[in-house]
Amino acid sequence: KDGYLKRFSERAYAANEGQLPATKDTDRLIGVRSCDTLDTLLLFTQKGNYISLPVYKIDECRFKDLGKHVSSYVKLDTQEDIVSAILVKNFNSYIFVLSLTKNGMIKKSSLPKYEVSRNTKALGAMKLKDGDEVVSVCLCKEGDDILVISKNGYYNYYSSSILQDLAVRAQGVSAINIKEDEAVAVL
């Protein structure tokens, strides 16, 4: 969540017998994924930005090290936290990126739209209204079911095929009607 990345060998992971990699006390782990150095890591922030980072650019380190902060690879605002990490093997696929905000906005964009040739700064992934922030980003296929749940337990359930494929910087559409004092929790 705080933006620390590390790459280590599968052998180092196996030697630690399934333990989780080291993190700061105030941090939480977004994910541990097996990948190739030719894959690309997409990191999404709560401010509606994304970072495209080839895995080979991430420094290899020891399992117990904290790793390097994402700002050592690309320009990133210090106030931004990572909310989701997606590993991409091939951008030329019929997969979509779903983004959801705490105020109930959802957006579906095709994965090839996130492929970039330069990766020196964070790019806009979703236009946000004042006071809104991205809470979840995931991959889906056409026709997959979507379940949006609010913090008070209200939910909305529908097919991803009813959402249009929007541009990367688009704002999205309303996924769930929530009260002013409520927020979306999970996608």
Side-chain angles (χ1 to χ4, degrees), residues 1-102 107-128 132-141 167-169 185-187:
K1 170 180 120 26
D2 285 346
Y4 286 90
L5 302 172
K6 64 170 116 181
R7 178 171 61 108
F8 47 83
S9 68
E10 287 185 10
R11 193 175 115 205
Y13 183 71
N16 284 283
E17 299 170 350
Q19 290 180 342
L20 294 177
T23 59
K24 293 187 335 182
D25 291 338
T26 59
D27 203 359
R28 70 176 166 82
L29 191 63
I30 297 286
V32 177
R33 300 194 173 54
S34 177
C35 63
D36 298 324
T37 53
L38 297 177
D39 295 344
T40 302
L41 185 63
L42 294 179
L43 302 168
F44 293 87
T45 72
Q46 93 281 11
K47 289 190 175 184
N49 294 318
Y50 80 98
I51 298 159
S52 177
L53 188 61
V55 171
Y56 70 86
K57 287 191 174 184
I58 301 171
D59 292 338
E60 191 164 345
C61 62
R62 293 183 301 138
F63 190 79
K64 297 292 183 188
D65 291 345
L66 287 179
K68 284 180 85 174
H69 195 269
V70 70
S71 63
S72 63
Y73 300 106
V74 296
K75 278 187 173 180
L76 182 67
D77 184 11
T78 57
Q79 302 299 317
E80 291 193 70
D81 288 333
I82 307 296
V83 294
S84 293
I86 295 173
L87 190 64
V88 180
K89 292 194 175 291
N90 182 7
F91 280 96
N92 296 323
S93 60
Y94 297 103
I95 294 178
F96 296 93
V97 176
L98 276 180
S99 304
L100 181 71
T101 71
K102 76 174 184 180
K107 182 187 73 147
K108 179 177 89 170
S109 299
S110 58
L111 183 61
K113 293 178 182 177
Y114 289 87
E115 187 173 22
V116 296
S117 57
R118 291 188 180 175
N119 42 24
T120 57
K121 64 179 182 173
L123 303 167
M126 188 173 190
K127 189 176 181 180
L128 300 173
D132 203 3
E133 62 184 41
V134 176
V135 293
S136 182
V137 179
C138 64
L139 295 177
C140 78
K141 296 177 187 166
V168 171
R169 285 286 302 157
V186 182
L187 172 63

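All of these numbers come straight from a predicted model, not from anything done at the bench. Numbers here simply count residues along the sequence, with the first being 1.
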Between [X] and [Y], is any pair of side-chain heavy atoms under 4.5 Å apart?
X      : Y      : answer
Val168 : Val97  : no
Leu42  : Tyr114 : yes
Tyr50  : Ile86  : no
Leu5   : Lys68  : no

If you look at every heavy atom in [X] and [Y], which pair is closest and at what distance?
X      : Y      : value
Lys102 : Val135 : CB-CG1, 3.6 Å
Gln46  : Gln79  : NE2-O, 3.1 Å
Phe91  : Leu111 : CD2-O, 3.5 Å
Ala122 : Leu76  : CB-CD1, 4.1 Å
Phe96  : Lys141 : CD1-C, 4.4 Å
Asn49  : Glu80  : ND2-OE1, 3.0 Å

*Check the surroundings of atom NZ in Lys75: do more than 12 heavy atoms from other residues, nucleotides or ligands lie under 6.0 Å from it?*
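No.
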*Within 6.0 angstrom of Lys113 NZ, more than 12 heavy atoms from elsewhere*: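 Check passes, neighbour count above 12.
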First locate atom [atom1] of [X], then atom [atom2] of [Y], and finally report the distance between them rounded to the nearest 0.5 Å.
X      : Y      : atom1 : atom2 : result
Ile82  : Thr45  : CD1   : OG1   : 6.5 Å
Cys35  : Ile58  : SG    : CD1   : 7.0 Å
Leu41  : Ser52  : CG    : OG    : 8.5 Å
Asp39  : Lys89  : CG    : NZ    : 3.5 Å
Leu123 : Arg118 : CG    : CZ    : 11.5 Å

*Could you walk me through whether Leu53 and Thr40 pass the side chain to side chain contact (heavy atoms under 4.5 Å, CB included) test, one step at a time?*
CA-CA 6 Å; Leu53 188 61; Thr40 302; 5.9 Å; no
*May I have the step-by-step check of side chain to side chain contact (heavy atoms under 4.5 Å, CB included) for Thr37 and Arg7, ending in yes or no?*
CA-CA 9 Å; Thr37 53; Arg7 178 171 61 108; 3.4 Å; yes
